[in-house]
Amino acid sequence: MNRKPSLPAELLPAELLNAEQGVSLWRDAWLRLKRNPMAVAGGAVLILLALLAVLTPWIAPYDYRAQNLALGAAPPSAAHWFGTDTLGRDLLTHILWGGRISLAVGLVATGVALVIGVLYGTIAGYAGGRVDAAMMRLVDILYALPFMIFIILLMVIFGRNILLLFLAIGAVEWLTMARIVRGQVQALKQQEFIEAAVSLGLSRWTIIRRHLIPNTLGPVIVYTTLTIPSVMLLEAFLSFLGLGIQPPASSWGLLISYGAETMEEYPWLLIFPGCALSLTLFSLNFLGDGLRDALDPRTAKD
Amino acid sequence: MALLDVANLSVWFHTRNGVTKAVNDVSFSVDAGETLAIVGESGSGKSVCCYSLLGLVPMPPGRVEQGSAQFDGRDLLHLPPRALRALRGNQIATIFQDPMTCLNPYLTLGEQLMEPLLYHRNATRKEARAQALALLDEVGIVEAARRFDAYPHEFSGGMRQRVMIAMALIAEPKLLIADEPTTALDVTIQAQILRLIAELQARRNLAVILVSHDLAVVADIADNILVMKDGAVVESGAPQTLFARPQHPYTQRLLAASRRSPKSTPATKPQRETLIEVSALCTWFRTSDQRLVKAVDDVSLELYRNEILGVVGESGSGKSTLGRSLLQLVRPTSGSVRLRGQELTTLGARALRPLRRQMQMIFQDPYASLNPRMSVFDALAEPLLYHGLATRKTVTAQVLALMDDVGLAHNSIRKYPHEFSGGQRQRIAIGRAIATKPQVVIADEPVSALDVTIQAQILDLILELVARHNLSLVFISHDLSIVRYLCDRVLVLHHGKLIESGTTEQLWKHPREAYTRELLAAVPRLA
Amino acid sequence: MLRFILYRLLQAIPVLLVVVTATFFLVRLAPGGPFSAEKAVPPEVLRALEARYHLDQPLSAQYLGYLGDLLHGDFGPSFRYPGRSVDEMIFSGLPTTAELGLYALLIALVLGTTAGVIAALRPNTAQDYLPMSAAMIGVCLPSFLLGPLLLLVFGVWLEWVPVSGWGNVPGDKILPALTLASGYTAYVARLSRGGMLEVMSQDYIRTARAKGLPEWVVVIKHGLRGGLIPVVAFAGPAFAGLLSGSFVVETIFQIPGLGRFYVQAAFNRDYTMIMGTTVFFAVLIVAFNLLADIAAVWLNPRLRHQYRKPAA
């Protein structure tokens, strides 16, 4: 028994091969997204930033540890495009390396949140009844906890451990994801096409896989895109306070924190890392907003 | 000169995808004490036509291209916004379709009711309150004083529509525009509301524009009927002449859809082989505030091979829950459901799965009953492949055969639900239901979300398929004229109980229960 | 309504208990004792210290003792500053932080809602794009970046305001309050725009217009209430965010508030101070969430109805 119907281009009779190809909702969303210049620009910048982050070890103009105490803090010049810090280290190099960390924190912690949140939300939403009530009560309680303070506490107690940072941030962000997914699943479960699938005799897993998940994906994608910037912000925030990434590792939050201390004499040390962070946040938010508009089922109708 | 004289009105929508001529060169007039009915299907421009008079059409994208609308000597289309606003709710009042969404859920009824007086008449709150209470009494809200400070969610749909009517009439307008005022209501409530509007009209010498999709609803009360299609008037005239000699083919089709002949007794008597046997079935729920709802209460019935069994009832009668309980989509609280002798209520989900092939369902809302991310091919191939009724080699041919069966063009096989109209979507849903070659199909209000002429097409399709595939059909509906047209036998549900059953002819000719009689009397019909 | 408040108060108890317990045991899990980071301490001094802070007792007794003290509002003595109690330190920083937080909250709510509503009235026009672009900047320029930038421009270059301090010179409160408020103002603006757009497309707004009400009545009386529900729901979490935001702002502007104490305590490993402030913040946040919930129920009659006694 074959349980997997799929688009069978090869199975279509010849005269139907050029039958109109329908516009699936995904394709429709993509077409809409392409019409949004801000979202496209955001996406392009993100791709560029990701490339830079991956290629940093080969393209960074100076060695990460290289100091030039004689040079000291120098303003931007041909040799050092973004200037140097008080120890004569090249700022561009440090922004590149810091970007790797900041982006990695954003991606990994969001990944943690995504996995926990989607699983938890789907289970609660699909199970319904008492299981759902209990699971959501737990989320409510966790929501009411002052998480930022707990993260700071964790960082203080266990030292500034980057792995712990991923986990701690991921642990905060999954709550909203779980709520969104659960709400989606609950709304979908009431839809008649799920009932239709049940009455066709499909198994529970088939229904989840073929009917439920594809329809929750839109909001999940949107929320994921919007979680990455808030996670990056959280990391930068903690690093700024001196509770996140520790030297000699670097991150944009840490660079901004140094820059803020010395901004009166060396403003470029604040402005360039600030621009890097803001540019990334702008891109992610514009892309996220664009995705939301493109994937919103209400605008997708008719 | 009539109270309202609309001449050559055109309202077009200018969007990125081009120009939609929502209203095109429409003229009509209505005088005090008269009722003008505008009849048309969705997209015919009947609502836009009325809203444009009130300045309630969003502009842009809408634009009044031409025309005039003389009301009391002033052209509504060219009044400055402020002057038009002073007329709205004051000289010209409106009632909308869905009373559930048209009242502000955050404000008390009394507050909303008084507003026209407060803003148009500069009445004090005390005066406004007194008038509002008197009017609530007039529209049939009992204990008006106690309910004055209640919120809309504490009222039923019919009650809310009464409040809407009171709100429309409180400033004593000359013209009342009623946009599908009873479409969202049960048939018995519909009759009450229509009667109320007619009474109030006579008492106040109101001019009324009644917008509806249903010729039968307006037949009794309209002095003049305007039939609209695609933004233009196709025919107009007094009901008697219009019904006697419809000129335009579209009017003829509308009339035919409203004038269904009752089902003629089938030439061959259905064989009395019992397919489904239900006894003492109860499906009870607990609501979130712990109230026990007996949605289906002690219902017993049989479904015979090759028959069409109608289940009628108003909203909340439990007819949908009954259908879902038969299929075990909702698990009954007690009682038994047997499919050809096999008890279903005690079977686990896994054991039920292979049996589900034999019983399928057609749902009400073709917009919600199809997975928006599956193409026609995916939707129809899934049941075939899942139940091993097709192989990868044969599946395309079988899907195409199904599409032939339900009247879908082959070249739409790769399209997605949102690219189809409501009627076509229902065809896909029907195709999916018959894909597994079921013996029993349960259709839960399969045409109530569709336009009248489309309804007729889908009903004919269902009849054809029932005959071709030897189906037994349970047809759940609130629309008695459709049930009469389609069904061999009918069950009447009221508050979860089965109160009467019999052959369609029997029931129509000799209803035993008072409720059944009331229900039948409330059905609007064309003379 | 009273039922609802009582119900939510009862719900707050487990939350607070989780906070206290987690904090207590997390601190005890810290590698090394509270005094081990110091230079070698003579054993007898260590023992005396441990006795003073009840560290010689079994963990369960310490925990229960701490809970008991908390019930009396006693957060215990500070580890770092002998002779000063945590209560004393909290209450010395609280007024400053409360004032800062209050200004920021007011700015965020008033400015944010106004901008959001204005934008929603004419979507996809300049009236929409302008405030929403500003809001996007607010979202993407976090306080720890905006604060130093504002200081650089207005403090260092233009010299309009002093670069640090709180309440010493007129006007020195403006920059910290704006910095703290910016992100939340932006968020509130986006939320209220979304909420208003949703509400203004509802059927009952059309009814209100059909009644011939002036447009401002339609917007304020019929629209605003529903449109602000998402904002109110956000106000509770926003307050929590403001508190932690005050850590940064107080650090940047060198304001002697609770947030700065907390960050200092974290660096100094002043465990009782950390525990005390954590619990104190938790109580504040829980209280604010409760207030926000009450406001949401008050705004929405359908919710109010739910919590009324079921009719007999």
Side-chain angles (χ1 to χ4, degrees), chain A residues 38 137-138 140-159 176 226 229-230 232-234 236-243 252-253 256-257 259-265 267 269-271 273-275 277-286 288-289 292 298, chain C residues 11-12 14-16 18-19 22-23 26-31 132 136-137 139-149 151-152 155-157 163 183 190 201 236-237 240-241 243-245 247-248 251-252 262-263 265-269 271 274-275 277-279 281-286 289-290:
Chain A
M38 295 311 272
R137 179 53 40 83
L138 180 68
D140 284 346
I141 289 180
L142 291 177
Y143 236 94
L145 292 180
F147 254 105
M148 177 61 80
I149 293 169
F150 263 110
I151 292 182
I152 293 176
L153 201 65
L154 279 176
M155 292 294 139
V156 170
I157 292 169
F158 296 107
T176 313
L226 295 173
S230 79
M232 291 180 68
L233 214 60
L234 202 54
F237 174 92
L238 289 171
S239 297
F240 179 87
L241 286 177
L243 295 164
W252 289 341
I256 290 172
S257 153
E261 282 167 27
T262 55
M263 64 181 182
E264 292 182 36
E265 297 89 13
L269 290 181
L270 173 66
I271 290 168
C275 284
L277 179 67
S278 281
L279 185 66
T280 314
L281 294 178
F282 269 117
S283 304
L284 280 162
N285 276 306
F286 276 122
D289 281 1
R292 172 163 44 207
R298 271 173 302 180
Chain C
Q11 245 192 345
V15 174
L16 290 178
V18 169
V19 171
T23 317
L26 271 178
V27 169
R28 292 301 182 282
L29 275 179
M132 284 305 115
M136 188 60 113
I137 293 173
V139 169
C140 296
L141 266 186
S143 59
F144 55 85
L145 185 54
L146 182 67
L149 283 179
L151 266 187
L152 190 61
V156 180
W157 291 344
V163 291
R190 296 179 64 151
S201 68
L243 273 183
S244 38
F247 302 170
V248 163
T251 306
I252 295 170
Y262 185 74
V263 175
F267 275 107
N268 295 336
R269 298 180 170 256
Y271 288 132
I274 295 176
M275 284 164 65
T277 341
T278 304
V279 172
F281 280 148
V283 173
L284 274 184
I285 288 170
V286 166
N289 276 328
L290 181 68

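So you know, we letter chains A, B, ... as the sequences are listed, proteins then strands, and number each from 1.
Contact detail for A:Phe237 and C:Gly245: the closest heavy-atom pair is CE1-CA, 4.4 Å. Across every non-hydrogen atom of C:Pro142 and A:Leu281, the tightest pair is CD-CD1, 4.1 Å. Contact detail for A:Leu233 and C:Phe144: the closest heavy-atom pair is O-CE2, 4.0 Å.
For the set C:Val248, C:Thr277, C:Leu151, the entry with the most heavy-atom pairs within less than 4.5 Å of chain A is C:Val248. With chain A as partner, the option from C:Ile137, C:Leu284, C:Val18 having the largest number of non-hydrogen pairs under 4.5 angstrom is C:Ile137. Interface check for chain C: of the options A:Pro273, A:Gly253, A:Ala236, the most heavy-atom pairs under 4.5 Å are formed by A:Ala236.
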I would like to know whether C:Leu145 and A:Leu270 meet side-chain contact (heavy atoms from CB on, under 4.5 Å); could you show each step before the answer? CA-CA 8 Å; C:Leu145 185 54; A:Leu270 173 66; 4.0 Å; yes
Decide side-chain contact (heavy atoms from CB on, under 4.5 Å) for C:Ile252 and A:Glu261; before the verdict, give the C-alpha distance in whole Å, the side-chain angles of both, and the deciding distance to 0.1 Å. CA-CA 9 Å; C:Ile252 295 170; A:Glu261 282 167 27; over 6 Å; no
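Counting only distance, with no hydrogens or angles, the side chain of A:Ser278 and the backbone of C:Leu141 share no donor-acceptor pair below 3.5 Å.
Heavy atoms of C:Leu146 lying under 4.5 Å from chain A are absent altogether. Residue contact with chain A, scored on non-hydrogen atoms closer than 4.5 Å, is absent for C:Leu16. When heavy atoms are compared at a cutoff of 4.5 Å, A:Leu241 approaches chain C by way of both its backbone and its side chain. Of the two parts of A:Leu284, neither the backbone nor the side chain holds a non-hydrogen atom closer than 4.5 Å to a non-hydrogen atom of chain C.
The closest side-chain heavy-atom distance from A:Asp289 to C:Met132 is not below 4.5 Å.
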